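Remarks on the structure that follows.
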Amino acid sequence: MFCCHIVSTLDVTKHFSSVLSGICRAASVDSITDYNEFYCILMCRAARRSLSLRQEIMKWNGWGYSDSRFLFNKKGQAEFTGKRYRLSGLILPSLKDWFEGTFGANLQHRSPPSLNLSAVAPPNLNQPFVEDLKAAGLAVSHDPEDRVFRAHGHCLHEVFALREGRIGRVPDMVVWPSCHSDVEKIVELACKHNVCLIPYGGGTSVSSALECPREETRSIVSLDTSQMSRILWIDEKNLTAHVEAGIIGQDLERQLNERGYCTGHEPDSMEFSSLGGWVATRASGMKKNIYGNIEDLVVHIKMVTPRGVIEKSCLGPRMSTGPDIHHFILGSEGTLGVVTEVTLKIRPIPEYQKYGSVVFPNFQQGVACLREVARQRCAPASIRLMDNEQFQFGEFCFSLILLNFFLLKNFCFKGFDPQHLCVATLLFEGDRGKVLQHEKQVYDIAAKFGGLAAGEDNGQRGYMLTFVIAYLRDLGMDYYVIGESFETSVPWDRVLDLCRNVKERIVRECKERGVQCPPLSTSRVTQTYDAGACVYFYFAFNYRGLSDPVHVYEQVEHAAREEILANGGSLSHHHGVGKLRKEWMKESVSGVGLGMLKSVKEYVDPQNIFGNRNLL
Amino acid sequence: MFSVFIQPRHPVLKKRDDFEDVLEERRRSSDLRYALRCYTPTLYKGLVPCKASMLKSIVLQSDHLQYVIKQVSSESGDSAECVAEEASLILDEMAHRLQLSTIRFFAFTLSKAFKRLFRSVCVNEEGIQRLQQAVQEHPVVLLPSHRSYMDFLMMSYLLYMCDLPLPVIAAGMDFMSMKFVGEMLRMSGAFFIRRSFGGDKLYWAVFSEYVKTMLRNGYAPVEFFLEGTRSRTCKSLTPKMGLLNIVMEPFFKGELFDVNLVPVSISYERILEESLYARELLGVPKPKESTSGLLKARRVLSEDYGSMHVYFGHPVSLRSLAEGKINRSQYNLLPRYIPQKPRVDTHEFLNDAAFRLVRIQEENMVLKPWVLIATLLLQNPDGLELSFLTEQTDWLRHLALAFGAFLDWPNHEACSEVVSCSLALHRHLLSVSAGHVQLNVTDAPQDETTPEEAVFHRAVVVLSCASYRNQILHVFLRPALLAVAMQSANSNRKDDVYNCFNFLRNMFSNEFILCPGDSVQDFEEACYLLMKRGVLQVLEHEIVMSASGHSTLAFLCSVLDPFLQGYQVVCRCLCEETNENLTEKEFIPAVRSFALKLILAGRLKCCEALSSDLQKNALAALLRLKAVRKVKVGDQVTLKVNKIAVNSLEDTLGGKIPTLKPILARL
């Protein structure tokens, strides 16, 4: 398992308990009265501590853990700091050359972030609501740092603004429910006092879903589910687990692992994203070929809405009771209520896991191979295909991914052009015998498309890159390079055309908007389905000389999305719509479809308490 | 480089490239060495290399063709193998077999021929450079104007010369019947399409897939003629949409990121087929294309055809052209190999794009001084004094330049010099005696000729001459429509004038290149040009002629006069026609003999009414305006004439009814 090298939040919790016991030891408990007083202080401190601990170990203006970041050291060599990842502490000598070569960036030209928390506007509090919350014993905060931390996701414009110290509308306060009934209480009070609630899980949104609507005049309350993170029960007979929705992906997986189980749901953000967030955005995991996407994994969902609690009456595996009400909840993006508890399918931890990789002479052949694998329905747990630009990125900047020099030479000898070849990474799971058999089947198909096996290590490194790539954007932003990824899903026959057209559109749009160096514009196929594939694009450029880089970035991304839609791609495969892609909703689901969703919203939340204005 | 074309509001300000004579080098060095030189064309960056033979199997294996084969087989009951075999035969008949050796042969022989025929062949160097760039970036579609058989030979010759990839050219099947030449053309990149294959699904599928495959793979630039056929009148023809739709579809369906459309304007100082065309228009049937015919045409090699200009226009990016007009996601819900009829909006776009491309061709067409002289000579059938002609030519030259004409006027030469040079080159159309210049219309009538033959003889000269005047019509067209509108509106009110303008524009939209829907824009352009010339004052509600504007307006009116007269003759003929069952086939002969009678009776002076092109266009306009209907009786198509409507159209054209509202109401 690759998450074993991640120092998990468990350590943080341990750290927290040791602090607590320290406090206990320090205060000599003599009398009852003292004890009471001490208990109060302790609980308050504990609450404060626990509520903000995650926040303390994470960046407030960039991706991930504060201690993990790329930087160029004094020798100009790139380094990844911290101890959490396998890449941590490594020197990456050729990253600099790739970085400078690809973006025309120069290490002399820095654009470091400037920090300014005092720019946060004072909170617009609804006092009666605050009083009622406090009376109900709920933990709240209107500390600027807490509020800013929950005011954004990880869209480029959000992070860019933070780095520049520009802070727009932020939630006026944060509330931390610790269980389902707390949420019921909060929602009830919110309705009573007419405040706006924005549910907050892991904060990894990339659709502007967490942005506070500018036009919102009511007090905005961020409802942070992070304290609702317990596994309530595990049912080994039915292989299900009932879990509170605030739990973070890696914690869920680790705790289940301790019991010999897993969910198998591994989105790239699993270090930070929450179960409730997955449900609310229709998340997809890397290993969906075995375990399914979130909609396949959930057996039961409990959600608190202004109308009350919505849930099914039993845990039957499938029901024919009209349209599945789960599908009103899945992908509702916090517009209808707060998901509080979820019953999920679990699986025994697979006996054996094996990575793999295949090199193809070109992207066309690679896609044809993936299509054939999907046709034969023999996709491994994960199969991903990077295009040549991404291969070069991995190869030349990390010099670790994929092919060492010797191997590369070997491939060139076999007629592979380094300017065209592309790489698929594979992950097999299951019992050993079957994995090996499965592996052979996939490699045999690959061979028919000119694919050559390129080793386990390369595959594993490819997957590792997934977790650190988000950190790389922060490094870029230190040196005038901005970028982001976006995704879509598309029928098989259009994959190649869509990739080529979108990549080219990005290049053309950048040129037309005065971007001086050609941008990095790459694609990769990350999921296979019977009828199509999920495609990811990475896009970054050097913005020196542009007066409003974020605007340029947004225009290019907008154009790229138009291009995706024009080429038969979907609005989103798993990132969701949020506010970023709202304008295309009608086109995507038809006017009637949108009307149906709106009427659900109208019934469930007539006061627009869940007023993040996503989706609709 | 991706010129998104906006209608030039100020045509005069347009910057055009300079020309270079490509024959100059040929006259100095060995043609043989030139033909055998190392040819390394710039290639498309996304090129999928493949041979002509491989191309065939790609086409036959394509999902699209396989789908249509199955469909045709289930409809006709023939086995799929049988239909596939048929498809393969169609492809064999169609496909080109581009070979460098043939190109080299042509490079050699054409160098020789061109040097004898032309004084110079001028090409805009910058256009070539732009094309070189465009070829690398996206698949290219070359859209030359079509005035002569020379056109595509010249295109391939020039592309070979400039190290550009050789185009594959859509050619009419009629060439194929020229045994040897047909095969030669095939080996130089021509592929052959039947002239009509209306409902033949299989043929259409093979043909469209063949063209699309070449485009998608970046195999070679695809070249075809928007006008569909050679223009016998030297006026641009109403563009055909079929092939344009085919080359655009890969973009619409996302199979290509973009396509560069390159309009090319080819103009001749003297057209090789000049009198041939005139005879054809008068109903002397065109000789069937045959090799021996071509050999007879060797005679033409001994004559002087002046200079020739080829202008490669700015590549037009299909993507920018379609921006905001085509919703490409309309193709999302159907597998792309299933053929789809273009939707209404696509159709509109195609139409609009085609017209704009033809207008670009027109605008970049180089005009020689003779074109101005021809215009003047036609307006003065009794001839002019040479000195007056020179003076008038100079006046017209300035008017044309003010209207944005692309005039190739020799620098530093006296006007009289230029005029006499032009007269010399076209002496076979003229008679010059004692300083009096006249069209060669009163050629001593020999005893044995009948009066009819004399009329036809005169008409040949007039129509030959008209083919030169027609080259400049697009420059004067809009102001001329306005001039006629002002004359017949009998009112200075802008609305009235516009109504008249709109009527005329509508009437003549089969005759000239007038983008549908651009009526207001055209009107404004005409107003602007005439205002700038000081001919008109355009006030808020009125249009007033200036004191000095009379001569210009009179000139402009007489530019359109032959067409107004011709259309009236057609209307009159239909009204007076007694045969209730006039078939479509009988229409041209009927109008021709009607016009001939009028001319012989001295009631009609205008020989252009004899032109079958004008007659066809007039009929098309009447059909469009629903004054005439086509009715199918058995296998004959007959024309049902609404005589009241046709009659009032005739009156309106003749200026007898000032406004057209009552007519339109009646229609």
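Values in this document were obtained by computation on a predicted structure and should not be read as measured data. Naming convention: chains lettered A, B, ... in sequence-line order (proteins, then strands); numbering from 1 in each chain.
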Taking side chain as everything from C-beta outward and backbone as N, CA, C, O, which of these in B:L256 sits under 4.5 Å from a heavy atom of chain A? Side chain, backbone, both or neither. backbone
Any donor-acceptor pair under 3.5 Å from B:N332 side chain to A:L565 backbone: yes
Can you tell me if NE2 on A:H420 sees more than 12 non-hydrogen neighbours from other groups inside 6.0 Å? no
Heavy atoms from other residues, nucleotides or ligands near NE2 of A:H327 exceed 12 (cutoff 6.0 Å): yes
Quick one, A:E563 with B:R319, criterion salt bridge (Lys or Arg N to Asp or Glu O under 4.0 Å). Give me CA distance, side-chain angles, the key distance, then yes/no. CA-CA 11 Å; A:E563 192 62 34; B:R319 179 173 275 267; 2.6 Å; yes
Distance (rounded to the nearest 0.5 Å) between B:F251 CZ and A:N501 CG: 8.0 Å
Electrostatic pair B:R336-A:D497, nearest N-O below 4.0 angstrom: yes
Starting at CG of B:N327, measure out to CD of A:E587 and round the result to the nearest 0.5 Å. 6.5 Å
Could you walk me through whether A:R508 and B:S317 pass the side-chain contact (heavy atoms from CB on, under 4.5 Å) test, one step at a time? CA-CA 12 Å; A:R508 194 192 259 204; B:S317 148; 3.7 Å; yes
With distance as the sole test, does A:R500 use its side chain to make a donor-acceptor pair with the main-chain N or O of B:G254 at under 3.5 Å? yes
Salt bridge flag under 4.0 Å for residues B:K45 and A:E504: yes
